Amino acid sequence: MAGGARLLHRGSQGYNARPFFEMPMKQRVENLLRQAIKAMVDSGELTALPDTPIQVDRTRDSRHGDFSSNYALTVAANIGSRPRDLAQSIATRVPSSPMLDRVEVAGPGFINFFLARNSYQALIPEIISAGARYGSGDAGQGVSVLLEFVSANPTGPLHIGHGRGAAYGAALARLLAAAGFQVTREYYVNDRGRQMDILTVSIWLRYLELCGQEFTFPEQAYRGDYVRPIAEKLHADSGREFEISAAGLFDGFPRQVGPDAQLDWLIARSRSSLGGDRFERVWKAGLDDILGDIRDDLREFGVEFDNWYSEKGLIASGRVDDCIRKLKESGHLYEKDGALWLQSSRFGDEKDRVVVRENGQTTYFAPDIAYHLDKFDRGFQRAINIWGADHHGYIPRMKAALEALGRDPEALTVLLVQFATLYRGRQKVQMSTRSGEFVTLRELREEVGNDAARFFYVTRKSEQHLDFDLELAKSRSNENPVYYIQYAHARICSVFAQLRERGLDYDPDGAMQNTHRLEEPREQALLATLSRYPEVILAAALAYEPHQIGFYLREVANDFHVYYNAHQILVEDGALRNARLGLIVCVRQVLQNGLGILGVTAPVEM
RNA sequence: GCGCCCGUAGCUCAACUGGAUAGAGUAUCGGGCUUCGAACCCGAGGGUUGCAGGUUCGAGUCCUGCCGGGCGCGCCA
């Protein structure tokens, strides 16, 4: 799949007729190399051509040219010739091209390509005409992907761990879309089950307190402050409709058993004394409030979903029962100790798993299987899940379930996000949802701002542990690299403001006709960096690594700042001025496109 | 005990997925505004990539074994 990038050329700005880049520079170099190798095979100098892929890389060191290939190194051993000799033979057969200055052999046998001075001139019209689409490609070939992320239980506000998954997922969605995949973003709502029952009871108990009832609030219930406003609203809206004597409610409370059993007792007791209907209404009040809060929070954070998928709805649709029936029919479900087990160990899991409990209730696993089956039944070709790293042990059984259902487990990719450890200076902040001691995503956003938070999250590899120092993020927010990139963007906008103040204007045609005037080394370096953007998008997308974009954008900003400090853009010479303005328009475009993928704003001024 | 993830400059992180002399930010020290925004630029110091082997032309990256950290190993979700 790598190397299959092809830029979209659907620009309808009137530049279509002009031949810009038929393909990215990297591919053009690759093709020249391929021709040289083919020439050697045709002349019999290279016998059986091993099926080694022809790989061309950007060099790290400019002394090694602009592009480099290790082809001779990888092939020489197989055909029994010396790498340097082979490299030399290939190098001399590289067809001459106006884009190439020279080809050299260096080191153990690298073939290094040096580009001609003005080989990047065509890039400027290319970027200007592609605009927001510059960097996008069709490598994904429209393959439909269901990207599921966040999916936090609606039992409390999102905390900073969820924030990381949200930022990562949102960026990945845009990245995959830019690479040509058709992406749907989905949030799976666990709106039923024990955790929701505990929340319901917690809200109701707070409500009873408001009614004046006296009792000890259970240790294991949700004690976070966010529960109280929900109870207050319920109290304000419904008065004493849900009131029941606390003394009666807690009558017979089992003090001798463990906290979990106590909670189960309390849930059952609440349900029976309140009645199914009223219990449901409290549940609904809690769900609506918290899920609404989560939606708002994510929207404010710039994280949007195409679909919110209800677990309760899934069960009501009968799909879970259907799914269990299918598993039974396929013979991968068996009964033991009164429960129904999936033979997941036959498909790579370390043991079999219970799907239906002894008491007849399904485990959490059953709806999850049905949900994942439904992803593919809805026609998605690929499913990508972003899970917290604590769920890694869950991956084999999910894949096993898909395989048992006759689906391709490879169509499911699970990406793990490590937890963020929060610090206040040196002090580690302990977090627990039930105790209510945690820093919410909303608090984080208010303290450090959306842009800094998004960038901070998404410039680390997702599987890397993340130390998030609040004090640092707060007090030194100016030192966050995101401002460095945004500053470059604002500076460019400022140049155009300055241009207008001086009564001058920018002529795009003039810019494109004078690209040959961009002869400064720093201008060439900037163009070379801009030309890499489509390659970065593709590589980052295929590796599911949005952080590559962040590091790349820093390079773009750095090249620009260096250029800006060294050269005047608004010069007297109108042709040169337009050429330089065209160049920084392109820089601005790449910054906008890249920041857009990361979900960070590109401010006109700061 | 078994399994997964991680270990890179004082700190926070990169390293084009096996390439050439391991790079940025921050912190420390020194320099640069009469010029389009100094939230910027230039320079200096800072490393046995946790340790020990192995694979090959070449290893931070792959394989093995230790050391250290995180997370899993329910008829909880």
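Chain letters run A, B, ... following the sequence lines, proteins first and then strands; every chain starts at 1. All values reported here derive from a predicted model rather than from experimental measurement.
At the phosphate of B/rA77, neither OP1 nor OP2 sits under 4.0 Å from any side-chain N or O atom of A/R192. Listed pair A/K461 / B/rA15 meets the phosphate criterion, a side-chain N or O lying under 4.0 Å from OP1 or OP2. In terms of phosphate contacts, A/Y364 brings no side-chain nitrogen or oxygen within less than 4.0 Å of OP1 or OP2 of B/rA77. The phosphate of B/rA15 (OP1 or OP2) has no side-chain N or O of A/R60 nearer than 4.0 angstrom.
The existence of a salt bridge linking A/R577 and A/E572 is excluded, since no basic side-chain nitrogen approaches an acidic carboxylate oxygen closer than 4.0 Å.
Residue contacts for A/A543: at a heavy-atom cut-off of 4.0 Å it reaches a base atom on one of the strands shown. Base engagement by A/H391 is indicated by at least one non-hydrogen atom pair under 4.0 Å involving a base atom. Residue A/H489 is classed as having no contact, given no heavy-atom separation below 4.0 Å to the nucleic acid. Base contact: A/E605 has a heavy atom under 4.0 Å from a base atom. At a threshold of 4.0 angstrom between heavy atoms, the contacts of A/A490 include nucleobase atoms, whether or not backbone atoms are also involved. Counting non-hydrogen atoms under 4.0 angstrom, A/P83 reaches nothing in the nucleic acid. Residue-level contact check: A/Q548 touches the bases, meaning some heavy atom is under 4.0 Å from a base atom. Using a 4.0 Å heavy-atom criterion, one finds that A/H465 contacts the bases of the nucleic acid, with or without backbone contacts as well. Using a 4.0 Å heavy-atom distance criterion, A/R460 is classed as a sugar-phosphate-only contact. Residue contacts for A/N153: at a heavy-atom cut-off of 4.0 Å it reaches the sugar-phosphate backbone alone, with no base atom in range. Note on A/D390: only backbone sugar-phosphate atoms sit closer than 4.0 angstrom, heavy atoms only; bases stay farther off. Residue A/E463 is classed as a sugar-phosphate contact, given heavy-atom separations below 4.0 Å to backbone atoms only. Using a 4.0 Å heavy-atom criterion, one finds that A/E311 contacts no nucleic acid atom at all. Nucleic acid contact for A/N558: sugar-phosphate only, since backbone atoms but no base atoms lie under 4.0 Å from a heavy atom of the residue.
Atom name C1', nucleotides B/rG74 and B/rU55: the rounded distance is 42 Å, in whole Å. B/rC71 sits 34 Å from B/rA24 when the P atoms are compared, rounded to a whole Å. When the C1' atom is used for both B/rA14 and B/rU49, the distance is 13 Å, rounded to whole Å. Taking atom P in both B/rA59 and B/rG50, the straight-line distance is 15 Å, to the nearest Å. Comparing B/rG30 with B/rG37, their C1' atoms are spaced 25 Å from each other, to the whole Å. As rounded to the nearest Å, B/rG43 and B/rC5 have P atoms that lie 40 Å from one another.
Between the side-chain ring of A/F110 and the base of B/rA20, a stacking contact exists by the 5.5 Å and 30° definition.
In this view, A/Q55 and A/D57, A/N70 satisfy the side-chain contact (heavy atoms from CB on, under 4.5 Å) rule, not counting sequence neighbours.
Judged by closest nucleotide on RNA chain B, A/Q55 is the one of A/Y563 and A/Q55 placed further toward the 5' end.
Under a 3.5 Å cut-off, the side chain of A/W387 and the backbone N or O of A/V417 do not form any donor-acceptor pair.
Checking A/N112 against A/E104 by side-chain atom types alone, no donor-acceptor pair falls below 3.5 Å.
Under the 30°/60° scheme for interplanar angles, the aromatic rings of A/Y564 and A/F560 are found to be tilted.
Distances were taken from every side-chain heavy atom of A/N70 (C-beta onward) to each of B/rC75, B/rG19, B/rC36; the shortest belongs to B/rG19.
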